[in-house]
Amino acid sequence: MHSPFISIIIAVYNAEKYLSRCIKSIQEQDFSDYEVLLIDDGSTDKSKVLCEQFAQKDSRFLLFHKKNEGVSATRQFGIDHSNGLYTIHVDPDDWIEPHMLSSLYKEATRSNPDVIITDYFIEFKNKTVYKIQKPLSLSNKAILNNFFNGLHGSCCNKLIKKDIYDKYNIKYPHNTNYCEDLLVCLQIYQHPVKTSYLPQAFYHYDQVCNADSITRKYNIKTIEQHLNYIKNLRIILSKYPQKELVKKGILIALYDEFSHNAIYYPEFNNLADETKEVILQMNVSTIGKYLFYSAVQYNKKFFSFIFRIIYKLHTQLSKLPKLAY
């Protein structure tokens, strides 16, 4: 059986409105040595029917049906069932340029990297933004730092060798569907992998379709996902010897997830006890910790507002606050 050069993994869940656009952009590629893994994650709309139609028309499209487990488990399912030398993910609400695969193939055969990082597009309602993703350097340490300073953690703008996952036992976490790609990238770059940067954008990340995604819509379930993300982040970074990077990564996650999002939701009061450890580890003043905890415990908008001011002042005055372990 022929093993394709590239495996494209598409985690599909209730994507009937935009799946055809995504698939069409793949069918229009000027490169043919690829397979597409269409993984239906228990969709309840017509996504299943659409996937079946595409798979019937093109033998390169492999269809899998599974119970709903979330995007992270579905991405891992795709990795486990892929046959390509390299893998890349494409979300069903996004699309790619027709020369993406051929350009990635040329770079892969030229430099034989483990990972190729590319630029990407962000699609808003009335404009397209080009996002440059050039790392400060191609060393693993620099790229790890870069993930907390401007480098996108998505696996949709990265071509990754399949055997990297197997060789280093890298897995998508099953208990979170938030920033799961970043958690995989952080695992990858704790190992001696070779990286190439291709200064071109091929991937279109649709912010309009993504308006209701877990990264932008908040309720008790997504808050729990954010807590799981931070727990996984701690576990993954705890294995890395550069402790300052560990502190930086966790600190950014704590500030971003809690001070910007969670404290505005009444449901978060139910998780207040779980945030005590988080608050105690933040290097802010005693009054800052009190205001933060008050905002969480009592959902007072005034406390939340004051804490946000303290947070902004604090981050401006200190580039890398320390965590107290």
Side-chain angles (χ1 to χ4, degrees), residues 8-29 41 43 45-47 50 70-72 74-75 88-101 103-104 116-136 146-159 176-185 197-219 221-223 225-226 229 252-253 255-265 308 311-312 315:
I8 303 172
I9 299 168
I10 306 180
V12 180
Y13 179 72
N14 290 352
E16 64 176 2
K17 294 180 180 179
Y18 30 75
L19 181 59
S20 294
R21 179 184 65 178
C22 173
I23 298 299
K24 184 179 179 181
S25 73
I26 296 174
Q27 292 174 325
E28 293 176 346
Q29 292 295 301
D41 186 35
S43 296
D45 65 358
K46 295 180 180 179
S47 295
L50 290 173
V71 65
S72 190
T74 305
R75 292 197 196 283
I88 194 167
H89 296 266
V90 177
D91 289 338
D93 46 358
D94 301 330
W95 72 94
I96 60 178
E97 289 292 311
H99 58 289
M100 183 182 89
L101 297 185
S103 299
L104 290 172
I116 299 176
I117 298 174
T118 72
D119 301 335
Y120 65 95
F121 299 104
I122 300 181
E123 298 292 339
F124 296 98
K125 187 175 182 179
N126 298 312
K127 65 177 181 178
T128 298
V129 175
Y130 188 106
K131 298 293 289 185
I132 297 174
Q133 292 292 285
K134 183 178 182 180
L136 295 177
N146 242 175
F147 281 126
F148 299 109
N149 186 29
L151 195 62
H152 194 27
S154 173
C155 288
C156 294
N157 72 319
K158 298 174 183 65
L159 189 73
T176 183
N177 293 311
Y178 176 74
C179 288
E180 70 285 343
D181 281 357
L182 173 59
L183 294 173
V184 165
C185 289
Y197 167 64
L198 189 58
Q200 299 179 54
F202 311 104
Y203 193 90
H204 293 262
Y205 177 44
D206 192 334
Q207 288 283 73
V208 179
C209 290
N210 276 306
D212 292 327
S213 73
I214 195 169
T215 57
R216 302 180 68 187
K217 186 177 181 180
Y218 296 94
N219 52 44
K221 290 184 178 180
T222 52
I223 290 170
Q225 290 292 315
H226 292 186
Y229 159 66
I252 290 173
Y255 272 144
D256 187 52
E257 300 313 317
F258 291 102
S259 67
H260 280 83
N261 305 318
I263 59 178
Y264 286 98
Y265 293 86
R308 283 172 70 88
Y311 161 75
K312 290 180 180 179
T315 51

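Numbering of residues begins at 1 and proceeds along the displayed sequence. Everything quoted here is computed from the prediction, not taken from an experiment. All heavy atoms count here, side chains included; hydrogens, waters and symmetry mates do not.
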Just verifying a value: how many Å separate [X] [atom1] and [Y] [atom2], rounded to the nearest 0.5 Å?
{"X": "Y203", "Y": "Q133", "atom1": "OH", "atom2": "CD", "result": "13.5 Å"}
{"X": "E180", "Y": "Q225", "atom1": "CD", "atom2": "CD", "result": "9.0 Å"}
{"X": "K131", "Y": "S154", "atom1": "NZ", "atom2": "OG", "result": "13.0 Å"}
{"X": "D94", "Y": "H89", "atom1": "CG", "atom2": "NE2", "result": "13.5 Å"}
{"X": "L151", "Y": "C185", "atom1": "CG", "atom2": "SG", "result": "8.0 Å"}
{"X": "K158", "Y": "L104", "atom1": "NZ", "atom2": "CG", "result": "12.0 Å"}

Polar side-chain atom of S72 near backbone of N177 as donor-acceptor pair, under 3.5 Å: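 Checked: no pair found.
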
Looking at every heavy atom in both [X] and [Y], which two are closest together, and how far apart are they?
{"X": "N146", "Y": "P135", "value": "OD1-CA, 3.1 Å"}
{"X": "S25", "Y": "I96", "value": "OG-N, 3.3 Å"}
{"X": "S47", "Y": "A15", "value": "OG-N, 2.7 Å"}
{"X": "C155", "Y": "I88", "value": "O-CG1, 3.8 Å"}
{"X": "T118", "Y": "N157", "value": "O-ND2, 2.7 Å"}
{"X": "E97", "Y": "A201", "value": "CG-O, 4.1 Å"}

Check against side-chain contact (heavy atoms from CB on, under 4.5 Å), V71 and Y13: CA-CA 8 Å; V71 65; Y13 179 72; over 6 Å; no

Listed partners of F147 passing ring-ring contact (aromatic ring centres under 6.0 Å, His included), at least two apart: Y189

Residues that D119 engages under salt bridge (charged side-chain N to carboxylate O under 4.0 Å, His left out), provided they are two or more places apart: none

Residue pairs passing the side-chain hydrogen bond (donor to acceptor under 3.5 Å, both in side chains) test where at least one lies in residues 15-24, sequence neighbours excluded: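 Output for this query lists R21-D206.
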
Tell me which donor-acceptor pairs under 3.5 Å the side chains of residues 120-127 have, and how far apart each pair is, sequence neighbours excluded?
| residue | atom | partner | partner atom | Å |
| --- | --- | --- | --- | --- |
| E123 | OE1 | T128 | OG1 | 2.6 |
| E123 | OE2 | T128 | OG1 | 3.3 |
| E123 | OE2 | H204 | ND1 | 2.6 |

Under the side chain to side chain contact (heavy atoms under 4.5 Å, CB included) test, residues paired with S103 that sit two or more places apart: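 With sequence neighbours excluded, S103 shows a side chain to side chain contact (heavy atoms under 4.5 Å, CB included) to H99, L198, Q200, F202, given in chain and number order.
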
N14: side chain to side chain contact (heavy atoms under 4.5 Å, CB included) partners, not counting sequence neighbours: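 S43, T44, D45.
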
Student check: side-chain heavy atoms of V12 and L50 closer than 4.5 Å: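 No, their side chains stay 4.5 Å or more apart.
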
Contact check, side chains of R75 and D181, non-hydrogen atoms, under 4.5 Å: yes

T74: side chain to side chain donor-acceptor pair (under 3.5 Å) partners, not counting sequence neighbours: D41, K66

